[in-house]
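To start, the structure under review is shown below, and the notes come after it.
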Amino acid sequence: MKAGFLILAALLALTSSSSAFDPSPLQDFCVAINDTKSGVFVNGKFCKDPTRATPNDFFFSVKEGNTSNPLGSKVTPVAVTEIPGLNTLGISLARVDFAPKGLNPPHFHPRGTEILIVLEGTLYVGFVTSNPENRLITKVLNKGDVFVFPIGLIHFQLNVGYGNAAAIAGLSSQNPGVTTIANAVFGSDPSISSQVLTKAFQVDKNVVDYLQKQFWWDNN
């Protein structure tokens with residue numbers, strides 16, 4: 001009886017963990033297309049006939065991002081939207097460029113773990129664990145250093161060097177998604193009720209009204 005329960009628990013654990021990530025492909029590739037008439041729908045995208053695949057289906061050129069914005073950072077995603085051949089492969093990446101003191105603000109990826117390598121500069125990075133601890137884990141990274149941000153946890157990167165900085169982030173999903181905390185909470189459309197936000201953040205309504213009137217820049 002006890003052995004049977006343990007086996008069932010193990011199977012449930014495997015099922016729950018596997019469903020948290022992109023499903024494994026059952027073919028070499030499944031290049032995404034927008035043609036709903038001639039394609040087959042797989043994992044959120046329609047796929048073209050594999051015999052019609054071209055090198056450009058698996059190619060994308062990443063340029064240095066324009067950091068002349070209030071955040072001083074620019075994220076250039078390379079996901080299934082940019083490379084159709086990534087469909088069903090369960091990975092993507094992004095280049096992140098930083099001006100001096102530039103910030104990639106607190107955000108999280110609902111569908112992917114992130115691993116970041118610094119190409120140049122010095123970054124102060126960190127993430128916050130889930131409730132109830134909400135423990136802040138941080139590190140200062142230099143060129144060549146690597147850091148991991150677990151799936152679904154709020155994290156950030158700040159350029160603490162004197163020059164520009166750049167990093168490459170790998171993600172464990174073809175479409176990891178991103179939710180920037182300030183944008184979502186204070187820049188939602190329509191706005192979240194001030195009654196909700198004043199109680200949640202324990203601040204005066206004037207503070208909430210001020211924050212909701214700001215322009216929340218999207219660096220993605």
Side-chain angles (χ1 to χ4, degrees), residues 12-32 41-47 57-63 65 71 73-98 102-119 123-131 133-139 141 145-158 165-185 187-188 216-220:
L12 289 173
L14 286 172
T15 303
S16 62
S17 62
S18 62
S19 64
F21 302 94
D22 294 352
S24 298
L26 298 177
Q27 65 285 319
D28 289 342
F29 50 81
C30 191
V31 176
F41 193 72
V42 178
N43 199 23
K45 298 286 184 180
F46 284 88
C47 303
D57 291 328
F58 306 91
F59 170 82
F60 183 75
S61 181
V62 180
K63 304 294 193 297
L71 292 172
S73 70
K74 176 61 179 176
V75 178
T76 304
V78 185
V80 68
T81 302
E82 290 72 33
I83 301 183
L86 277 177
N87 190 41
T88 76
L89 298 186
I91 60 170
S92 60
L93 62 80
R95 173 178 172 134
V96 192
D97 289 283
F98 300 85
L103 170 70
N104 191 13
H107 63 280
F108 67 90
H109 306 287
R111 295 181 293 276
T113 290
E114 176 181 336
I115 183 167
L116 183 101
I117 181 168
V118 179
L119 300 181
L123 297 177
Y124 169 67
V125 307
F127 65 86
V128 180
T129 64
S130 57
N131 296 349
E133 291 85 3
N134 296 133
R135 188 160 64 98
L136 176 63
I137 297 177
T138 65
K139 183 79 173 175
L141 307 180
D145 289 343
V146 177
F147 198 81
V148 172
F149 305 99
I151 184 171
L153 296 186
I154 296 172
H155 58 281
F156 59 85
Q157 300 104 29
L158 173 68
I168 293 291
L171 296 124
S172 62
S173 171
Q174 69 179 43
N175 185 21
V178 60
T179 301
T180 305
I181 307 305
N183 301 43
V185 173
S188 66
W216 293 99
W217 185 269
D218 182 8
N219 67 336
N220 288 269

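Both backbone and side-chain heavy atoms feed into the values below; hydrogens, waters and symmetry mates do not.
A distance of 13.0 Å separates CD of Glu82 from CZ of Phe59, quoted to the nearest 0.5 Å. If you take NE2 on His155 and CG on Leu136, they are separated by 13.0 Å, rounding to the nearest 0.5 Å. Considering CD1 of Ile117 and CD1 of Ile168, their distance stands at 9.0 Å, rounded to 0.5 Å.
With sequence neighbours excluded, the residues forming a side-chain contact (heavy atoms from CB on, under 4.5 Å) with Ile181 are Pro106, Phe108, Ile154, Val185, listed by chain and number. By the side-chain contact (heavy atoms from CB on, under 4.5 Å) test, Pro176 pairs with Ser92, His109, Leu171, Ser173, sequence neighbours left out. Listed by chain and number, the residues in a side-chain contact (heavy atoms from CB on, under 4.5 Å) with Asn183 are Thr180, Trp216, Asp218 (sequence neighbours excluded). Partners of Phe58 according to the ring pair (Phe, Tyr, Trp, His ring centres under 6.0 Å) rule, which considers only residues two or more places apart in sequence or in another chain, are Phe29. Checked against ring pair (Phe, Tyr, Trp, His ring centres under 6.0 Å), Phe60 has no partners two or more places apart in sequence or in another chain. Scored by the side-chain contact (heavy atoms from CB on, under 4.5 Å) test, Val75 finds Ala94, Val96, Asn104, Asn219, Asn220 as partners (sequence neighbours excluded).
Closest of all the heavy-atom pairs between Val62 and Val78 is CG2-CG2, 3.5 Å. Of all heavy-atom pairs spanning Leu86 and Ile91, the tightest one is CD2-O, 3.5 Å. Nearest approach of Ala165 to Leu123, heavy atoms of both residues: CB-CD2, 3.9 Å. Nearest heavy atoms, Val178 versus Pro110: N-CD, 4.0 Å.
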With a cut-off of 3.5 Å and sequence neighbours excluded, list every side-chain donor-acceptor pair involving residues 146-153.
none

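Put simply, the side chain of Ser73 gets close to the backbone of Leu103: a donor and an acceptor are under 3.5 Å apart. The backbone N or O of Thr113 lies less than 3.5 Å from a partner atom in the side chain of Ser172, making a donor-acceptor pair. Looking only at distances, a side-chain donor or acceptor of Arg111 sits under 3.5 Å from a matching main-chain atom of Asn175.
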Evaluation steps, side chain to side chain contact (heavy atoms under 4.5 Å, CB included), between Val118 and Val125: CA-CA 11 Å; Val118 179; Val125 307; over 6 Å; no
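Put simply, the side chain of Asn87 reaches to within 4.5 Å of the side chain of Gln174, judged on heavy atoms. Between Lys63 and Thr76, every side-chain heavy-atom pair lies at or beyond the 4.5 Å cut-off.
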